[in-house]
Amino acid sequence: MKPILLQGHERSITQIKYNREGDLLFSVAKDTVANVWYSVNGERLGTYNGHTGAVWCVDCDWDTKNVLTGSADNSCRLWDCETGKQLALLNTNSAVRTCGFDFSGNIIMFSTDKQMGYQCYLNFFDLRDPQQIDDNQPYLSVPCSDHKITSAVWGPLGEFVIAGHENGEINQFSAKSGEVLKKIKEHTKQINDIQPSVDLTIFITASKDNSAKLFDSTSLDHIKTFKTERPVNSAAISPIMDHVVMGGGQEAMEVTTTSTRIGKFEARFFHAAYEEEFGRVKGHFGPINCVAFHPDGKSYSSGGEDGYTRIHYFDPQYFDFELEA
C-alpha cells in the first residue's frame, strides 16, 4: 500500500510520537514548528508555534490533554493539545534534548545538553504544583557531569527514568531521589534513541555503533541484539508482533556523496526473538531519524533527514516487503 506522505516541515524531522489511542501523530523538526496530524489520513490538524530554535523532542500525556516539547532555544514548553495554547514555559541554560510525561501525566522530565559551559541536567517538575512552574524550579534536578543524556524515557510505574548517554551508557535515575539505581554499558558509541514496549517492561536502544538492543526495563538485563552496517538512529517495538523496526543510515553530512541505495535509507524489520532481518521498506531520500509503531501495530511512521514523515500501513501477518539477498 502506498504510504501517506506528510509535508509540514522545512527541515529534517527530529522526533515523531503517537498518542495512546493512535489517532494523532506529533512531529517535530529542526524548523521550530511542532505539528499534529490525523494518523488515519495524514491531514494536518494544527501546529504549536512559539519555539525559536530546532525542536528536539515531543511527548503527549496519557489522555492526550497536554503536549510537551523541548528545543534548542533553551526552553521546554507545555501546550494544550486541543487549542495549541502554550500553558507553561520552562527556561533552561542549554538546549533541551529529551522530554516526557510519566504514566499519570502529572510529572514531566526533561534533560538539557552539556554546552556553553553548562553541564547536563535531568529535571523533574510536578505539574500539580503551579509554584514550581511559576518559579521555574524543578523539585529534582540531577546533574550528569560526565556524559550528556541523548535519549530518555520513563520506566514502569513512573518510579525511574531510563537514560541513554553519548558514551553508550544506560542509567536508571530515581524520580524521587535522583540517585542512579542501575548502570550498564552495552553500546560502544552514542545512544541515539530509546523506546519502550507498550507495557513498559522492555525497551529498545538505537546506537551509532550500528546496532539496536533490547533490554529489561527494571533489571537492565540485555536480551537481544540487532546488527546492521550503518548507524541506527531510531528503533521501535511492535505492540502486537515479535517485530522491531529500525531506521538509520550514514551520517547526514556524508549523504550527498552516495546514492540512496548505498546509503541504506530503508526502514528495516527484524524478528525480535530470532534477531533476523526479514524486510525493508524504501522511501526516504536521506537517513531515517525516527520511527514509531502505531499503537494498534498495523502501521508505522518514519521521519527523515529529508523533512518528510511517512505513514506506512500494512498487515503484519502478510508482509509484502522486498528482502535483498
Side-chain angles (χ1 to χ4, degrees), residues 1-9 12-29 34-46 57-64 67 81 153 193-200 202-204 206 212 214 226 232-249 265-273 277-323:
M1 183 175 172
K2 201 170 170 215
I4 301 171
L5 199 62
L6 312 182
Q7 297 170 279
H9 292 286
S12 53
I13 312 290
T14 50
Q15 192 173 20
I16 52 177
K17 190 73 72 84
Y18 282 99
N19 64 340
R20 185 176 58 94
E21 289 85 10
D23 58 331
L24 299 179
L25 178 66
F26 299 89
S27 66
V28 291
N35 284 326
V36 56
W37 315 78
Y38 283 120
S39 64
V40 67
N41 58 6
E43 181 187 339
R44 181 155 68 171
L45 189 56
C57 53
V58 63
D59 196 23
C60 173
D61 63 4
W62 197 74
D63 51 4
T64 320
V67 177
C81 181
V153 292
D193 186 28
I194 295 179
Q195 290 196 38
S197 58
V198 177
D199 57 5
L200 304 183
I202 57 173
F203 65 92
I204 190 165
L214 273 181
F226 311 98
V232 185
N233 293 336
S234 183
I237 304 167
S238 169
I240 58 169
M241 305 289 281
D242 292 330
H243 298 157
V244 298
V245 61
M246 289 154 53
F265 303 140
E266 308 103 337
R268 306 173 70 159
F269 282 78
F270 283 75
H271 195 284
E277 184 182 357
F278 62 84
R280 295 183 188 182
V281 179
K282 292 189 172 74
H284 285 283
F285 300 107
I288 295 174
N289 290 340
C290 44
V291 291
F293 267 109
H294 190 285
D296 70 3
K298 294 184 178 164
S299 67
Y300 82 95
S301 299
S302 55
E305 194 71 29
D306 54 11
Y308 294 124
T309 305
R310 302 169 77 92
I311 302 176
H312 297 262
Y313 281 88
F314 59 86
D315 187 332
Q317 290 168 328
Y318 305 102
F319 283 103
D320 53 354
F321 296 156
E322 163 195 1
L323 183 58

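Here the structure is a predicted model, which is why all the values come from computation and not from measurement. All residue numbers in this chain count up from 1 along the given sequence.
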Can you check whether His271 reaches Asp242 side chain to side chain, under 4.5 Å on heavy atoms? yes

Please examine the side chains of Ser234 and Gln195, heavy atoms only from C-beta on, and report whether any two atoms are closer than 4.5 Å. yes

Glu277 side-chain N/O to Phe270 backbone N/O, donor-acceptor pair under 3.5 Å: no

As a quick check of understanding, evaluate side chain to side chain contact (heavy atoms under 4.5 Å, CB included) for Trp37 and Ser27, giving each step before the final call. CA-CA 8 Å; Trp37 315 78; Ser27 66; 2.9 Å; yes

Restricting to non-hydrogen atoms, name the atom on Gly22 and the atom on Ser39 that form the minimum distance, rounded to 0.1 Å. O-OG, 2.5 Å

Polar contact flag, side-chain donor to acceptor under 3.5 angstrom, His9-Asn35: yes

Please report the shortest heavy-atom distance between Ser299 and Tyr313, naming the atom on each side. CB-CD2, 3.5 Å

Do the side chains of Leu6 and Ile311 get nearer than 4.5 Å, heavy atoms only? yes

His312 side chain to Pro3 main-chain N or O, any donor-acceptor pair under 3.5 Å? no

Test side chain to side chain contact (heavy atoms under 4.5 Å, CB included) applied to Tyr38 and Asp23, step by step: CA-CA 6 Å; Tyr38 283 120; Asp23 58 331; 5.6 Å; no

Are His284 and Phe265, when compared by the centres of their aromatic rings, separated by less than 6.0 Å? no

Keeping the roles fixed (side chain from Asn233, backbone from Cys290), state whether a donor-acceptor pair exists under 3.5 Å. no

Do the side chains of Ile194 and Ile204 get nearer than 4.5 Å, heavy atoms only? no

May I ask you to decide if Trp62's main-chain N or O and Arg20's side chain share a donor-acceptor pair within less than 3.5 Å? yes

Name the orientation class of the two ring planes belonging to Phe278 and Phe269 (parallel below 30°, tilted from 30 to 60°, perpendicular beyond 60°). tilted

Decide yes or no for Ile4 and Arg310: does some side-chain heavy atom of the first lie under 4.5 Å from some side-chain heavy atom of the second? no

Exam field: side chain Asp193 to backbone Ala206, donor-acceptor pair closer than 3.5 Å: no

Shortest non-hydrogen contact from Lys17 toward Val58: NZ-O, 3.5 Å

Does either side chain, that of Tyr18 or that of Ser301, offer a donor lying less than 3.5 Å from an acceptor on the other one? yes

Of all heavy-atom pairs linking Ala236 and Val291, the shortest is N-CG2, 3.9 Å

Minimum heavy-atom distance between Ala212 and Met246, given as atom pair plus value: CB-SD, 3.8 Å

Quick one, Ile13 with Tyr308, criterion side chain to side chain contact (heavy atoms under 4.5 Å, CB included). Give me CA distance, side-chain angles, the key distance, then yes/no. CA-CA 7 Å; Ile13 312 290; Tyr308 294 124; over 6 Å; no

Quick one: CZ on Phe26 to CG on Leu45, what's the gap to the nearest 0.5 Å? 8.5 Å

Do Tyr300 and Val281 have side chains that approach each other closer than 4.5 Å (heavy atoms only, starting at C-beta)? yes

For the side chain of Gln7 and the backbone of Gly307, is there at least one donor-acceptor N/O pair under 3.5 Å apart? no

Quick check: do Ile240 and Phe293 have side-chain heavy atoms less than 4.5 Å from each other? no

Measure across Ser12 and Asn289 and return the closest heavy-atom pair with its distance rounded to 0.1 Å. CB-ND2, 3.9 Å

